[in-house]
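Just below is one structure, and these are the notes that go with it.
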Number of protein chains: 2
Amino acid sequence: MKWTDLDENWCPVARTLSLVGDRWTLLILRDCFLGMSRFDQFVSSTGATRHLISDRLKRLVEAEILEKQAYSERPKRYEYVLTEKGQEFAPALMAFRDWGKKHLPVRRQSQG
Amino acid sequence: MKWTDLDENWCPVARTLSLVGDRWTLLILRDCFLGMSRFDQFVSSTGATRHLISDRLKRLVEAEILEKQAYSERPKRYEYVLTEKGQEFAPALMAFRDWGKKHLPVRRQSQG
DNA sequence: TATATAAAGTTCTTATTTGGAACTTATGGC
DNA sequence: GCCATAAGTTCCAAATAAGAACTTTATATA
């Protein structure tokens, strides 16, 4: 079974996962909430490959969670910003953050 | 980069994703909150392969999110139950559920 | 003119993960 | 002996991801 097959599942959790049930997608959304919006920012912040970021941004735009906006005309450059639908994903990320802070403390300092 | 490499990331969201940032893992947790606890229940409920379920349950037990408990001695049979750490994941799943209910309504009835 | 930089991707090849079905082990019932 | 149940494991083909280099459009510098 493919995970996109979950999009018509009876369970709202499953349907949500068909879109964002993937670590890189969720990291991109985290970055958006931290104020990032550009391709290369997502690449260096998440550590995912350019290929992955490209793919996940397309999905997020198609799902209307992010919106692609031109911020420069020449050369044509785009950035990705949260739609209202995307903004409303905040509680989920905050729940992840809280759980991680409580149950997965960092031992040694590392960078990502 | 491998996703398990996120486990020492500075960001608590990333650390959380290193454990549960995967659709099948989160669906297994959803099932646990719905009262399921057995291997075959997870297989048929999620639609994931036995292989995947086996792998994800191992990770969840290792992370102390689930606990493996014998419910039969002969033959030896185990079930998986949420630990307190696992229970505290509820708010995250509820956030997913709420977002899905609001933003991803089902069109036609389907089963998963 | 030639070179370098920047941003946002795409392309290529190799490695890792997943899918799907069948098989295993232990036990009880008919 | 034969079938069923539960919890996995094994095998191979198919799909995804990793990593690095390349492309495109345009500005800046020597």
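What you are looking at is a predicted structure, and each value in this text was computed from that prediction instead of being measured.
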Under a 3.5 Å cutoff, is there a donor and acceptor pairing between the side chains of A:Ser45 and A:Arg30?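 The criterion, which ignores hydrogens and geometry beyond distance, is satisfied for A:Arg30 and A:Ser45.
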Taking only side-chain nitrogens and oxygens of [X], does any of them come within less than 4.0 Å of OP1 or OP2 of [N]?
| X | N | value |
| --- | --- | --- |
| B:Tyr71 | D:dA6 | no |
| B:Lys58 | D:dA7 | no |
| B:Arg74 | D:dA6 | no |

When you match A:Thr49 and A:Arg77 each to their closest nucleotide on DNA chain D, which lands nearer the 5' end?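 Comparing both residues, the 5'-ward one is A:Thr49.
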Both A:Arg50 and B:His51 contact DNA chain D. Which one's nearest nucleotide lies toward the 5' end?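 Whichever sits nearer the 5' end wins; that is B:His51.
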For B:Ala48 and for A:Gln41, find the nucleotide of DNA chain C with the closest heavy atom, then tell me which residue's nucleotide is more 5'.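 Looking at DNA chain C, the more 5' nearest nucleotide goes with A:Gln41.
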Segment of DNA chain C, first to last nucleotide, that comes within the 4.0 Å heavy-atom reach of chain A: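 Endpoints of the contacted stretch of DNA chain C: C:dA6 to C:dG20.
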Please, what dot-bracket string fits DNA chain D when only Watson-Crick and G-U pairs with both distances under 3.5 Å count, crossing ones use [ ] and pairs to another strand use |? ||||||||||||||||||||||||||||||
NA contact type, B:Tyr80, heavy-atom cut-off 4.0 Å: base, sugar-phosphate, or nothing?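 Sugar-phosphate, no base atom in range.
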May I ask you to say what B:Arg23 touches in the nucleic acid, namely base, sugar-phosphate or nothing, with a heavy-atom cut-off under 4.0 Å?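 Nothing, no heavy atom under 4.0 Å.
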Is any side-chain N of the basic residue among A:Lys102 and A:Asp98 closer than 4.0 Å to the acidic one's carboxylate O?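 Not counted as a salt bridge, because no side-chain N and carboxylate O are separated by less than 4.0 Å.
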Gap between atoms CD1 and P, on A:Ile53 and D:dA17 respectively (whole Å):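 After rounding, the reported distance stands at 12 Å.
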